[in-house]
Amino acid sequence: PARSMTSLASESERTAKQPVNWLRGRWGAAGIIAALYSGVHVLWTFVHWGGEASQAAISDIAFLPVSLFAALAAFRIWTQPGADRSTRLAWGLLGLGLLANFFGDLLWFYYEILLHSEPFPSWADLGYLAFYPLMMLALFNFPHSPVSRSDQQRLYLDSAIVLVASWMVLWYFVLGPTVEGLTLSLESAIILAYPLADLVIVYGLVIFLFRHPNASLRSGFGFLLAAMLLFVVADVLYSIQGLNETYVSGNPLDNFWLLSYLCFVFAALEQCANLQMHGSRFKAARRVSYWWMLPYAMLAAGYALAIWAFAVSTGIDSRVRGLFGGAVTLTVLISWRQVLELRENRRLNKELLLRLKQLDEAGLALNRAEYLASIGTLAAGVAHELNNPLGVIVASQEVLMRRSLSGEWQKEVFLNNLNRI
């Protein structure tokens, strides 16, 4: 059975490495068209064909077909019979989030182009903001490798380190300047909700990475990661341009959102193609060895930002105080993580010593068994060497007894048997 399981695993691994043509069929052709469409839009944001008058309309319409296609591609996986429950639920939630974002884009187009009114704040923000929690829930539900209790503690600490460092960047460049000029109102709450929602995406993405995504995601994993990062970067850059009042519809920043939708499309197409070819047989975790460096890189980035802000700041304002609080939080988190590492190392050392002791005892028992086996072999050899002459003696004695009792007395036979004895 062990040999058959090993051969089955190696066969599954070889099959999993087979290339999958995920751009075939009608859906693949639609994906290629979406990529060409996105390339044309990227070019348009730099040359602006059609003039400035239609720039806002073209920019608002450009998102609609790709975001809708991304939602439909995600829902297609939700209906796949070969997908397991976790995969279907994750892609279903992701499709709902993309659909909510599509309706947000549609309402934005309706307010800005058809009604010629200010689209912010409006009902479009409800669709946009619904995207973030649905994305986080989708990331939490993707299949992943089992996580032990100690690994789970480190996972949440690493996620918290990345989250705090990300918050420091958002606070210094977006949240801090935004809070200074805001009053308590619904508009202010919506303005602050977007960067905070980006932190929700970052948290879900880090948990997704540190849990080691299931191998059934395959290279769709890369597209999914790129889509999330592009979306968060676009939101942050939009907030910065909004603070500086430099954002206009149709500028190159819009390409980040459009390319994010395109990466969602590619991730869904590849995941669906792999499910159709392999089903849900491949459950081994896809471990990426270099993700362990992410918390330390974010820790260094957070400290570097705090040091730079202290150096260039003329006074201790709210942004600098926020960075100081973030740096203190990072220090507490990394110290806590090191305590967990020391505790885990101590536990592993005790377990190692116990295993070594058990190994020594097993070695002694094996040596004793070998010693007893050698004695048994020697005893068997000695018994064999004794049994041969004893057999001759017994046989000769029986001959003498039979002849004596029967009266067949022959001197030569009697002497020969005595000599033999």
Side-chain angles (χ1 to χ4, degrees), residues 5 8-9 12-13 15-18 20 22 27 69-101 130-156 158-159 162-163 197 200-229 231-232 260-261 263-289 291 294:
M5 290 295 292
L8 181 61
S12 299
E13 185 177 356
T15 308
K17 291 180 179 179
Q18 294 177 0
V20 178
W22 49 274
W27 285 88
F69 182 34
L72 295 176
F75 284 132
R76 180 174 172 234
I77 299 175
W78 183 61
T79 60
Q80 286 296 314
D84 56 24
R85 182 179 179 276
S86 297
T87 302
R88 294 178 63 222
L89 178 60
W91 282 101
L93 290 168
L94 198 147
L96 285 175
L98 291 168
L99 191 62
N101 211 67
F131 170 83
Y132 299 95
L134 288 170
M135 286 296 106
M136 186 185 70
L137 290 175
L139 291 171
F140 277 13
N141 280 281
F142 273 111
H144 55 83
S145 60
V147 181
S148 64
R149 184 175 181 181
S150 58
D151 289 339
Q152 195 172 27
Q153 291 179 346
R154 285 196 296 270
L155 182 147
Y156 287 122
D158 289 342
S159 304
V162 175
L163 188 65
V200 170
I201 293 290
V202 170
Y203 180 72
L205 191 59
V206 172
I207 293 290
F208 172 69
L209 293 176
F210 289 163
R211 278 180 170 179
H212 305 300
N214 192 284
S216 60
L217 286 176
R218 297 178 58 80
S219 56
F221 167 85
F223 286 126
L224 194 62
L225 177 61
M228 296 291 185
L229 291 178
F231 202 95
V232 171
S260 173
Y261 297 145
C263 287
F264 279 123
V265 169
F266 287 164
L269 291 180
E270 182 147 11
Q271 173 75 105
C272 190
N274 278 282
L275 286 172
Q276 290 175 351
M277 181 174 181
H278 304 306
S280 57
R281 290 176 295 162
F282 305 105
K283 298 300 181 185
R286 178 175 181 167
R287 294 185 177 273
V288 185
S289 59
W291 285 126
L294 181 60

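Heavy-atom basis, side chains included; hydrogens, waters and symmetry copies ignored.
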If we only count heavy atoms from C-beta on, is the [X] to [Y] side-chain gap below 4.5 Å?
X      : Y      : answer
Met228 : Ile201 : yes
Leu163 : Val206 : no
Leu96  : Phe131 : no
Thr87  : Gln271 : yes
Ile207 : Ser159 : yes
Leu229 : Leu205 : yes
Leu224 : Cys263 : no

[X] [atom1] to [Y] [atom2] distance, which is reported to the nearest 0.5 Å:
X      : Y      : atom1 : atom2 : value
Met136 : Asn141 : CE    : CG    : 10.0 Å
Asp84  : Leu89  : CG    : CG    : 10.0 Å
Tyr132 : Phe231 : OH    : CZ    : 4.5 Å

Report task. Decide side chain to side chain contact (heavy atoms under 4.5 Å, CB included) for Phe210 and Leu294; before the verdict, give the C-alpha distance in whole Å, the side-chain angles of both, and the deciding distance to 0.1 Å. Result -> CA-CA 10 Å; Phe210 289 163; Leu294 181 60; 4.1 Å; yes
What are the two closest non-hydrogen atoms of [X] and [Y], and how far apart are they?
X      : Y      : answer
Ile77  : Ala268 : CD1-O, 3.3 Å
Gly204 : Phe140 : CA-CE1, 3.7 Å
Met135 : Gly97  : CE-CA, 3.8 Å
Phe75  : Gly92  : CE2-O, 3.6 Å
Ser260 : Ala227 : OG-O, 2.8 Å
Ala90  : Ala138 : O-CB, 3.3 Å

When the ring planes of Trp27 and Phe69 are compared, do they come out parallel, tilted or perpendicular, using 30° and 60° as the limits? parallel
Fill in: Option among Leu139, Asn101, Leu93 that satisfies the side chain to side chain contact (heavy atoms under 4.5 Å, CB included) test with Leu134
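Result for side chain to side chain contact (heavy atoms under 4.5 Å, CB included) with Leu134: Leu93.
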| message | By the definition ring pair (Phe, Tyr, Trp, His ring centres under 6.0 Å), identify the one residue from Trp78, Phe142, Phe264 that meets it with Trp91. | response |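 Checked Trp78, Phe142, Phe264 against Trp91; only one passes ring pair (Phe, Tyr, Trp, His ring centres under 6.0 Å): Phe142.
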Practice prompt. Could you please spell out the steps behind the side chain to side chain contact (heavy atoms under 4.5 Å, CB included) verdict for Val162 and Asp158?
Written response: CA-CA 6 Å; Val162 175; Asp158 289 342; 5.7 Å; no
